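For clarity, every value in this text was computed on a predicted model and none was experimentally measured.
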Amino acid sequence: MATPVTEPEVVRVRVAGKVNLVLRSGPKREDGYHTLTTVFQAVSLFDEVDASWAEPGQFSVKVLGDQADLVPTGEGNIAVKAARLLAATAGAGRPLGASLVIRKAIPVTGGMAGGSADAAGALLACAVLWDLDISPDELRDLGAQLGADVPFCLAGGTALGTGRGDQLAPVLSRGSYHWVLAFSDGELSTPAVFGKFDELELGKDPQGVPPELLNALVSGDAPALGRALTNDLQAAALALRPQLARVLAAGTELGAVGAVVSGSGPTIAFLAANESAAVDLSVKLSSEGLCRSVKRVTGPVPGARLVV
Ligand code: C5P
């Protein structure tokens, strides 16, 4: 009798990118980081991370998608670092290894936490693959060691981030928001944008979240949210990439109710009043030819989740 062929086990996790609805930053700290007050919203642009067994001590990654060539595939890959960290901590003493495959849709170095999303995806996928006894809180603490945005990528939704952006508290948000994302050619490195921010001495003492923004989220009021969007890193991103100012102006002229550079950029997030306004804006913005591509998404959406 023929031996049945069993497929190798693959655990697949889907993980969303984010936009920052508000990002306020203090000056550079002694550890090189900046103290932030930010509100994240996870949006429906997803990377997928697959994990399958490999020989003990072996960790590899393959990256697929339009911008795959921009992602390192060796030990410098943040998803590989995540799998190794998990194996060395929660999996210590067990013969663990993993082959990872990442399908990228979140722009690389685009200000939408694409790398952090892949780290979050790898943590969850490997924890399930290896059947580790680890709580969501422990997974989040490991995530914070990999990058400031990783805890949010695990959690998703809408959340207040303080500290380096890694201390999270939920934010009440009603309804769904319609975003049009403008992706730019080329990357904008987060340390370079923070470096410009420091050079321009833009860091201010810690400030809270504008109450108008929290009120807009509670009432599900897109135009009010649009008016309250703010990012202290935007001036630094524009100083490094002046052509982004044209994209911001174009989206606003074409009817966006809000416009902001996402995180350290160069992605720009335009808020539309409703779904049909978002369709209209994305078509018109695409035809302007000012950006690499335009994508419509909604938020908030959940964070890293198993795909069944
Ligand atoms: O934490 P993560 O590795 O994603 O951060 C990338 C870089 O962004 C850091 O090395 C630092 O230069 C900058 N950063 C910062 N302050 C933060 C978060 C990030 O200066 N709160």
Side-chain angles (χ1 to χ4, degrees), residues 11 13-26 29 31-49 51 77-91 100 102 106 109-128 130 132-173 190-191 194 206 208-209 214 217 231-233 262-264 267 299-306:
V11 175
V13 168
R14 205 166 83 134
V15 55
K18 59 83 184 164
V19 295
N20 301 81
L21 308 180
V22 59
L23 193 161
R24 290 185 150 171
S25 176
R29 310 190 312 206
D31 65 359
Y33 274 87
H34 296 70
T35 298
L36 304 182
T37 302
T38 187
V39 175
F40 297 106
Q41 183 169 98
V43 295
S44 60
L45 184 67
F46 301 101
D47 281 2
E48 276 180 359
V49 182
N77 184 285
I78 192 169
V80 170
K81 288 185 192 168
R84 280 196 180 276
L85 178 65
L86 186 68
T89 51
L100 304 173
I102 301 175
I106 306 171
T109 331
M112 293 192 65
S116 298
D118 299 343
L123 284 176
L124 180 60
C126 290
V128 172
W130 298 332
L132 298 180
D133 186 14
I134 183 165
S135 69
D137 282 357
E138 289 167 324
L139 213 53
R140 190 199 54 215
D141 290 346
L142 286 183
Q145 294 179 37
L146 294 157
D149 292 342
V150 181
F152 177 72
C153 291
L154 286 164
T158 306
L160 172 68
T162 53
R164 292 181 306 141
D166 55 340
Q167 307 294 315
L168 298 179
V171 166
L172 202 58
S173 171
T190 303
F194 272 107
V209 176
L214 297 175
L217 286 171
N231 181 358
D232 284 354
L233 294 179
S262 178
S264 54
T267 304
V301 298
R305 293 290 182 275
L306 283 175

Do Asp118 and Asn77 have side chains that approach each other closer than 4.5 Å (heavy atoms only, starting at C-beta)? no
Anything under 3.5 Å between a donor and an acceptor, one on a side chain of residues 38-47, the other on a protein residue two or more places apart or in another chain? List them.
residue : atom : partner : partner atom : Å
Thr38   : OG1  : Asn20   : ND2          : 2.8
Thr38   : OG1  : Val22   : O            : 2.7
Gln41   : OE1  : Trp179  : NE1          : 2.9
Ser44   : OG   : Thr298  : N            : 2.9
Ser44   : OG   : Thr298  : O            : 3.4
Asp47   : OD1  : Ala105  : N            : 2.7
Asp47   : OD1  : Ile106  : N            : 2.9
Asp47   : OD2  : Lys104  : NZ           : 2.3

What are the two closest non-hydrogen atoms of Ser25 and Phe194, and how far apart are they? OG-CE2, 4.0 Å
Grab the two heavy atoms, one from Ala16 and one from Val301, that are nearest each other, plus how far apart they are. CB-CG2, 3.7 Å
Taking the side chain as every heavy atom from C-beta outward, state whether Leu23 and Leu36 have any atom pair closer than 4.5 Å. yes
Enumerate the residue pairs fulfilling side-chain hydrogen bond (donor to acceptor under 3.5 Å, both in side chains) with a member in residues 78-89, sequence neighbours excluded, ordered by first and then second residue. Glu75-Arg84
Using 0.5 Å steps for rounding, measure from the CZ atom of Phe152 to the NZ atom of Lys18. 9.0 Å
For Val15 and Ala117, the nearest pair of non-hydrogen atoms, with its separation, is CG1-O, 3.2 Å
According to salt bridge (Lys or Arg N to Asp or Glu O under 4.0 Å), does anything in residues 138-162 pair up with another residue at least two apart or in another chain? List the pairs. Asp137-Arg140
Test side-chain contact (heavy atoms from CB on, under 4.5 Å) applied to Leu217 and Leu21, step by step: CA-CA 10 Å; Leu217 286 171; Leu21 308 180; 4.0 Å; yes
Can you see which heavy atom on Asn231 is nearest to which on Ser262, and at what distance? ND2-C, 4.3 Å
Does Thr267 reach the main-chain N or O of Gly110 with its side chain, forming a donor-acceptor pair under 3.5 Å? yes
Quick one: does Thr109's side chain get under 4.5 Å of Ser264's, heavy atoms only? no
Can you check side-chain contact (heavy atoms from CB on, under 4.5 Å) on Val128 and Val13, steps first, answer last? CA-CA 10 Å; Val128 172; Val13 168; over 6 Å; no
Under a 4.5 Å cut-off applied to non-hydrogen side-chain atoms, are Leu86 and Leu139 in contact? yes
Just how far is it from atom CE of Met112 to atom SG of Cys153, taken to the nearest 0.5 Å? 10.0 Å
Which residues pass the salt bridge (Lys or Arg N to Asp or Glu O under 4.0 Å) test with Arg305, not counting sequence neighbours? none
Not counting sequence neighbours, which residues clear side-chain hydrogen bond (donor to acceptor under 3.5 Å, both in side chains) with Ser173? List them please. none
Is any side-chain heavy atom of Thr37 less than 4.5 Å from a side-chain heavy atom of Leu160? yes
Pairs where residues 155-167 contributes a residue and the test salt bridge (Lys or Arg N to Asp or Glu O under 4.0 Å) is met, not counting sequence neighbours: Arg164-Asp166
Please check if atom CG in Asp31 has more than 12 non-hydrogen atoms from other residues, nucleotides or ligands closer than 6.0 Å. yes
Value rounded to 0.5 Å, distance of CD1 in Ile78 from CG in Leu146: 5.5 Å
